[in-house]
2 protein chains.
Amino acid sequence: METRELRYFVAVAEELHFGRAADRLGMAQPPLSRAIGHLERRLGVSLFTRTSRAVALTPAGTVLLREGRAALDAMEAAERRTQRAVDGTERLVLVTKAGASSDLLPKLLDAYAAEPGSVPVDVILCGVAEQESHLRDGRADVALLHLPFDSTAGFDTEELVTEGQVLILPGGHPLSTRTSITMAELSGIPLPRWPGHNGAYADGPGPEVRDHAQLLQLISLGRAVAVLPESCRPLLPYDLTVVPVTDAPQVTTVIAWPPHSRSRPLATLIRTATRL
Amino acid sequence: METRELRYFVAVAEELHFGRAADRLGMAQPPLSRAIGHLERRLGVSLFTRTSRAVALTPAGTVLLREGRAALDAMEAAERRTQRAVDGTERLVLVTKAGASSDLLPKLLDAYAAEPGSVPVDVILCGVAEQESHLRDGRADVALLHLPFDSTAGFDTEELVTEGQVLILPGGHPLSTRTSITMAELSGIPLPRWPGHNGAYADGPGPEVRDHAQLLQLISLGRAVAVLPESCRPLLPYDLTVVPVTDAPQVTTVIAWPPHSRSRPLATLIRTATRL
DNA sequence: CCCACCGATACCGTGCGGGTATCGTTCGCG
DNA sequence: CGCGAACGATACCCGCACGGTATCGGTGGG
C-alpha cells in the first residue's frame, strides 16, 4: 500500500464524499474514485458502500481508517525526525500544555541543560489534546502529559509528580470563603469543557475553553469556575481565589515519548526528569 | 514520503550496498540510486555517505532507518488488519511463545469462548522474540508476553500472572538432588542463549536455542541446563528434574495489544484475561 | 416528471519509474 | 606501476500509471 493511496482513502473516509475529498486533495474526482477502486481490488476488500446518494464505511474501511491514520502519522514522524537529525544540530522538541507544570518545566529544563551531553531543547506550548498528535507525527520528541486527562496509549512514560486539585474562583464568589470543598458540593456547578481528541467539544453546560489563559480570564470575569491541579497556583492572577478540593482525582504529570526513537539526549532528559 | 521509497531506503540501509539492495528489491541498481537521491533531495538531508567502495549511514539515515521500519510496520499492519476485517468473518489472532503459559492459555481460550459476543481465536505459536513483530506488523492482534524477557515498548498491556523460576536439569545432574538453589550458585554454569530482537545470538558460552522443544531435548541430552518459569513444569519430559531457584527474577505474563485497534472482541478478550 | 447531484466509466496526454548502456573513481593484485 | 574488477552515478529511452476532461447511469427532491 502506498502512502498516496492511504491519504486518498483517509480523505474520502473523513469526508464520506468523493467530490469534497478530491477537492481537499487538490485533484479531480474521477482519478480519486479510480484510486480507491484500485486499493479495494488490491486489498481484496470493499472499503465503502456507495450508492449514488451516500458513501459509508464498511467494517474493513473502519479498521483501515483507524490503522491508516496511525500509519500515516508514523510516516510523517519518520520524515520529520529525519529532517531534524541533520548532523551537528541535534535538538530535542518538548511539548506540553500551555499553563501546566509551570513549576516543573523550568526546573527540568535547567537541570537538563546542566547535564553533560545535553542538547538544546525547543519547547512547544500547545492547547489541550494537541500534545499527543505532536508526539505521534514527529513534531515533538517528548511530552509532559497529565493523567487522567491525557491518554498515554502507545507511548512509553515515566511518572514525575502527583498532586491534588483546587477550585479556582473569582474573588467575590460565594464559595470563596471556604477553606476546603468536595466534588459533591460542585455537582450543580457547570465546569468548563475542553476540546476532545478530535478537537470538538462535547455537548453540555459550561463554557468552551481552549487554553488556560482563556479559562483564567473567564474566571476573572465571573463567567466560569474550574478545578485545576495545584501547580497552577503561581500562574493565577491576584484577583482569583483558590479552595482545595479534598476528593478531586489526583493529577499525575508524566513524561512520555514514542517507544522507538530513544536517542541518547532523550534518554538523558528522561533520566533527569525522573530524578527531580 | 511514499512507502516504496522508504522500502528502498531500508533495503539499502540494511545491505549498505546498492547492488545487493537492488537485487533484493528485484530491480536494477540505477533506478534505486536515483530513488535514494530523490528521497535525499526531497527531505533535504543526506542519508548515506558513499564512496565508490563503501556505503555508510549518516546520523539522519540512522534515524530514518529506525523510524522508517516502525512506519513500514504500521503500514503493513493497517493492510493486514483491514484484510482480516471482512464483514462477518471477524477473528482474533493471538500470538505467544511455543511452550510458555501452557496452563494459562487454554484457560483463557475456554473462558473467552464462553463469553457472549466472542469471536474465533487463531493461535500462533512462534519462537522467542517473534511475537513483537507479529503484533507490530498486524499479523496478530494480541500477544502473551513475558517480562522481563520481552519488551512491551509501544504496546498497551495488562499484567496477568507473576511466577518464580525453576532450574531444569537432566536426571543424573549433580545438582538434581538439591531442594532449592540460588542464582549465585549458577554463576559458573553457562545458560542457553536465545535469539535477540534482530534474530541473532549474542556471543558467549552456552548452547544456542530457538524454542522450548529444542531446549528440553538439549537438557535431556545433558548438553544444557536452563532457568525457566514454573509454569513450564507440565510440559517437561519425565526424565528432567526441577529445582526451585529462590532468587531468580520473577516472570510476569502480560497480555499486550497495539494501542489503537481496540475492537470490541479484543476488549472482551482482555477483560476475560484480567479476570482469570 | 425533470433536473440536480454524485459516483463510475471512457478516453487521452504526460511525467515518472524502471530498464540498458556507460562512465568515473577507487582499491587490489600481478 | 598499471590494469582490471567492483561499485555507485549518469545518460538515455520506453512504457505505464496517474491525473485531467467529458460523459454516463442511477437516485432522490421539488
Side-chain angles (χ1 to χ4, degrees), chain A residues 1-62 64-65 68 71-72 75 79 87, chain B residues 1-62 64-65 68 71-72 75 79 87:
Chain A
M1 199 170 35
E2 292 303 311
T3 51
R4 181 182 49 82
E5 302 176 287
L6 190 50
R7 269 191 293 267
Y8 290 0
F9 166 77
V10 170
V12 176
E14 285 177 354
E15 300 284 346
L16 290 178
H17 190 289
F18 281 74
R20 279 194 300 273
D23 215 30
R24 205 174 95 182
L25 293 166
M27 65 188 292
Q29 169 260 322
L32 178 58
S33 286
R34 218 183 27 181
I36 300 291
H38 273 31
L39 183 60
E40 287 178 310
R41 202 147 0 97
R42 223 153 23 74
L43 292 179
V45 183
S46 159
L47 299 170
F48 296 104
T49 58
R50 9 202 199 299
T51 70
S52 64
R53 303 303 283 181
V55 175
L57 280 168
T58 63
T62 309
L64 186 57
L65 181 56
L72 288 180
M75 291 290 292
E79 195 163 329
D87 323 32
Chain B
M1 199 169 37
E2 291 303 311
T3 51
R4 182 182 48 81
E5 302 176 285
L6 190 50
R7 269 191 294 267
Y8 290 180
F9 167 78
V10 170
V12 176
E14 285 177 354
E15 300 284 348
L16 290 178
H17 189 291
F18 280 74
R20 278 196 299 274
D23 216 30
R24 206 174 95 183
L25 293 166
M27 65 187 293
Q29 169 259 320
L32 178 58
S33 286
R34 216 183 29 180
I36 300 291
H38 275 164
L39 183 59
E40 286 178 311
R41 201 145 2 97
R42 222 150 26 73
L43 293 180
V45 284
S46 156
L47 300 170
F48 297 105
T49 58
R50 11 194 189 311
T51 70
S52 67
R53 304 302 283 180
V55 175
L57 281 168
T58 63
T62 308
L64 186 57
L65 181 57
L72 287 180
M75 291 289 292
E79 195 163 329
D87 323 30

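In what follows, chains carry the letters A, B, and so on, assigned in the order in which the sequence lines appear, proteins first and then strands, with residues in each chain numbered from 1. Every value quoted in this text rests on a predicted model; they were computed, and no experiment measured them.
Contact annotation: the side chain of V10(B) approaches that of L65(B) to within less than 4.5 Å [non-hydrogen atoms, C-beta and beyond]. Looking at L32(B) and M27(B), their side chains come closer than 4.5 Å, going by heavy atoms from C-beta outward.
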Could you encode protein contacts along nucleotides 17-28 of chain D as a string, one character per nucleotide from 5' to 3', using B for base contact, S for sugar-phosphate-only contact and - for no contact, with a heavy-atom cut-off of under 4.0 Å? -BBBBB---BBS
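Proximity of R50(A) to the phosphate of dC6(C): no side-chain N or O atom is located under 4.0 Å from OP1 or OP2. For the pair S33(B) and dA9(D), the criterion of a side-chain N or O lying under 4.0 Å from OP1 or OP2 is met.
Of the charged side-chain nitrogens involved, at least one lies within less than 4.0 Å of a carboxylate oxygen, so that R7(A) and E2(B) count as a salt-bridged pair.
Atom CD1 of I36(B) and atom C1' of dG18(C) are 14 Å apart (whole Å).
Rounding to the nearest 0.5 Å places OG1 of T3(B) at 9.0 Å from CG of L6(A). If you take CG on L72(A) and CE on M75(B), they are separated by 6.5 Å, rounding to the nearest 0.5 Å.
In this pair, F48(B) and F18(B) present their aromatic rings perpendicular. The plane angle is above 60°, beyond the 30 to 60° band.
Across all non-hydrogen atoms, the minimal contact from A56(A) to L16(A) is CA-CD2, 4.1 Å. In this structure, L25(B) and Y8(B) approach most closely via the heavy-atom pair CD1-CD2, 3.5 Å.
Residues of residues 11-24 of chain A having a heavy atom closer than 4.0 Å to DNA chain D: none are found.
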